Amino acid sequence: MALEMTKAPTFGEFIMDRQADFPFVSGQLTRLLTDLGVAAKIVNQQVNRAGLTSILGASGATNIQDERQQKLDVFADEAFMRILSSGKSVCGIGSEEQEHFVRCGEDGEGRQGKYIVLIDPLDGSSNIDVNVSIGTIFSIVRRLTPMGEPLKEKDFLQPGTSQVAAGYVLYGSSTMLVYTTGTGVNGFTLDPAVGEFFLSHPTMTFPSKGSTYSINDAVKARSDRPTQDFIDGCRDAADAGFRGRYIGSLVADFHRNLLHGGIYLYPSTIDQPQGKLRLLYECAPLAWIAEEAGGKAVDDGVRIMDKRPQSLHERSPFYIGNRHLVEALEACRWARRGGQGRNAPSKGLTPAPIP
Ligand code: AHG
Ligand code: MN
Ligand code: MN
């Protein structure tokens with residue numbers, strides 16, 4: 001078999017080439033994305049060697065959300081924090097693993113640097129110890145307060161529509177970095193021999209039809225009626241090829257559905273009316289990627305991208321994936337309201353997600 005010797009652009013080359021596409025070109029965003037790629041490689045190295053080192057297991061601490069931190073959660077958080085705050089582009093960071101926003105710079109007030117990063121350094125923590133895919137999710141917004149002034153809380157609490165870049169890293173059977181700056185979605189695969197991300201998935205879009213639904217089945221039982229109706233519809237459509245797939249790592253579940261078509265659901269429940277996932281560093285960045293790839297992301301009635309966050313760790317119900325599937329779910333919501341109010345199904349759409 002002849003080896004293909006064409007060379008795809010590296011992540012670094014690609015973002016340099018695309019720099020001219022950014023509305024306010026300064027090079028700072030290019031530098032920031034480069035730094036994210038470097039941090040991702042450092043985390044990837046630890047993830048790959050996890051079974052051989054003492055990095056597996058709980059750190060002994062809990063984070064602000066009362067979740068037991070794993071050692072890799074802490075390692076990833078420290079790696080991204082260290083690398084992003086030592087560059088010149090970032091003035092502030094909001095992380096799942098930090099109770100408060102972190103203002104960068106020597107005086108800790110975030111006076112310099114144009115950009116704020118919101119990050120879930122290690123997504124899918126419960127899968128670390130069992131060698132199953134995990135990820136990183138990031139969102140980048142521009143500061144609102146003028147340069148030279150201390151950052152304020154409002155700089156961090158911006159809606160998804162204010163993002164200038166968003167992406168994720170998937171530490172899977174291979175390691176991928178997928179991102180958007182609003183001109184489509186591109187995916188890069190890490191070649192471990194070379195230590196570079198190469199463009200492997202240009203202009204990613206959802207396939208026209210999806211037939212996978214991804215939900216924690218135990219959560220479904222406590223979710224609202226429209227979600228249950230929708231899932232029942234999916235199950236009834238098994239003969240038409242519908243199937244359930246749930247990894248339990250949002251990045252991995254989302255990525256599979258982006259490539260093969262599907263919908264991911266983390267609904268509001270009786271005990272968690274806002275669901276589980278965090279708006280700023282889980283839902284909003286993936287929502288933008290989904291929309292850029294032709295998909296859709298909503299909560300119980302509102303577009304995720306339009307939600308105005310009130311706090312760093314705010315949660316949101318989350319439904320994301322192929323547009324026709326998300327709209328079928330919305331049609332179930334509409335039907336449960338007796339056909340009144342928002343989310344009226346588009347012409348030809350039925351509550352049951354028949355492909
Ligand atoms: P994290 O590890 O960053 O806290 O996120 C975990 C999230 C997400 O990755 C996943 O889809 C979801 O939690 C799984 O929750 P359940 O265990 O309730 O299914
Ligand atoms: Mn997460
Ligand atoms: Mn996490």
Side-chain angles (χ1 to χ4, degrees), residues 36-37 39-41 43-51 55-56 67 70 72-73 75-77 80 96-97 119-139 166-180 185-190 192 197 200-201 204-207 210-220 234 242-267 275-278 281-290 292-293 295 297 304 318-322 325-326:
L36 278 164
K41 284 185 227 173
V43 172
N44 177 66
Q45 207 199 10
Q46 283 299 326
V47 169
N48 280 176
R49 301 179 66 239
I55 196 98
L56 286 180
E67 295 162 345
Q70 302 295 304
L72 256 178
D73 282 324
F75 178 88
D77 187 51
F80 280 105
E96 183 197 354
E97 304 304 334
I119 191 159
D120 177 353
L122 216 295
D123 174 67
S125 304
S126 66
N127 281 324
I128 295 171
D129 286 0
V130 289
N131 204 1
V132 172
S133 298
I134 50 183
T136 295
I137 311 172
F138 60 88
S139 163
Y168 60 85
V169 184
L170 173 63
Y171 312 99
S173 48
S174 59
T175 297
M176 280 194 71
L177 192 157
V178 175
Y179 87 108
T180 187
V185 180
N186 289 285
F188 300 79
T189 301
L190 181 67
F197 285 103
S200 53
H201 295 62
M204 298 170 80
T205 54
F206 283 94
S211 51
T212 297
Y213 62 100
S214 311
I215 186 169
N216 176 341
D217 197 66
V219 169
K220 182 239 172 192
C234 291
F242 262 81
R243 52 180 54 87
R245 290 283 184 276
Y246 190 72
I247 295 167
S249 293
L250 172 61
V251 169
D253 280 305
F254 174 79
H255 184 74
R256 182 204 50 239
N257 291 346
L258 174 57
L259 293 186
H260 288 166
I263 180 171
Y264 175 95
L265 309 93
Y266 213 109
K276 176 180 183 185
L277 300 175
R278 279 58 57 107
Y281 46 80
E282 291 182 315
C283 305
L286 295 187
W288 194 22
I289 289 176
E292 281 291 315
I304 291 290
F318 195 41
Y319 314 97
I320 185 167
N322 277 78
L325 293 174
V326 175

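Computed from a predicted structure; not experimentally measured.
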Restricting to non-hydrogen atoms, name the atom on Leu250 and the atom on Glu282 that form the minimum distance, rounded to 0.1 Å.
CD2-CB, 4.0 Å
Quick one: OH on Tyr266 to CD1 on Ile320, what's the gap to the nearest 0.5 Å?
15.5 Å
Considering all heavy atoms of both residues, which atom of Ala166 and which atom of Ile289 are nearest to each other, and what is their separation?
O-CD1, 3.9 Å
Is Glu292 close to Thr205 at the side-chain level, that is, under 4.5 Å between some pair of heavy atoms?
no
Separation between CG (Asp253) and CZ (Arg245), nearest 0.5 Å, reads 11.0 Å
Please indicate whether Asn131 has more than 12 foreign heavy atoms, meaning atoms of other residues, nucleotides or ligands, lying under 6.0 Å from its CG.
no
Identify the two heavy atoms, one from Ala297 and one from Ala287, that lie closest to each other, and give their separation to 0.1 Å.
CB-CB, 3.6 Å
Can you tell me how far CD1 of Ile119 sits from CG of Asp77, rounded to the nearest 0.5 angstrom?
8.0 Å
Between Gly210 and Leu325, the two heavy atoms sitting closest are O-CD1, 3.6 Å
Would you call Ile304 and Phe318 a side-chain contact if the rule is heavy atoms closer than 4.5 Å?
yes
Show your reasoning for whether side-chain contact (heavy atoms from CB on, under 4.5 Å) applies to Leu122 and Ile134.
CA-CA 7 Å; Leu122 216 295; Ile134 50 183; 3.6 Å; yes
Considering only heavy atoms from C-beta outward, does the side chain of Glu97 approach that of Pro121 to under 4.5 Å?
yes
Note: Ser214 and Arg256 closest approach over all heavy atoms is OG-NH2, 2.7 Å
Stepwise, does the side-chain contact (heavy atoms from CB on, under 4.5 Å) test hold for Tyr179 with Leu36?
CA-CA 11 Å; Tyr179 87 108; Leu36 278 164; over 6 Å; no
Does either side chain, that of Asn257 or that of Thr212, offer a donor lying less than 3.5 Å from an acceptor on the other one?
no
CG/Asn44 to CZ/Arg49 distance, rounded to the nearest 0.5 angstrom?
11.5 Å
Pick from Asp120, Ile137, Val178, Val169: which one makes a side-chain contact (heavy atoms from CB on, under 4.5 Å) with Val251?
Ile137
Only one of Tyr171, Tyr168, Tyr281 forms a side chain to side chain donor-acceptor pair (under 3.5 Å) with Thr136, so which one is it?
Tyr171
Beyond-backbone contact of Leu258 with Met204, side-chain heavy atoms, under 4.5 angstrom
yes
Walk me through it: do His201 and Phe188 pass the test side-chain contact (heavy atoms from CB on, under 4.5 Å)?
CA-CA 6 Å; His201 295 62; Phe188 300 79; over 6 Å; no
Using side-chain heavy atoms (C-beta onward) and a distance below 4.5 Å, is Ile247 in contact with Val132?
yes
Can you classify the ring geometry of Tyr264 versus Tyr246 as parallel (below 30°), tilted (30 to 60°) or perpendicular (above 60°)?
parallel
Rounded to the nearest 0.5 Å, how far does CG of Asp123 lie from OG of Ser249?
6.0 Å
Atom pair CD1 (Ile128) and CD (Gln46), whose distance is rounded to the nearest 0.5 Å
11.5 Å
Do the non-hydrogen side-chain atoms of Arg278 and Cys283 ever get within less than 4.5 Å of each other?
no
Looking only at heavy atoms, what is the nearest atom pair of Ala293 and Val185, with distance?
N-CG2, 4.0 Å
4.5 Å side-chain heavy-atom contact, Leu170 and Ser133:
yes
Is there a side-chain contact between Asp129 and Gln70 (heavy atoms, below 4.5 Å)?
yes
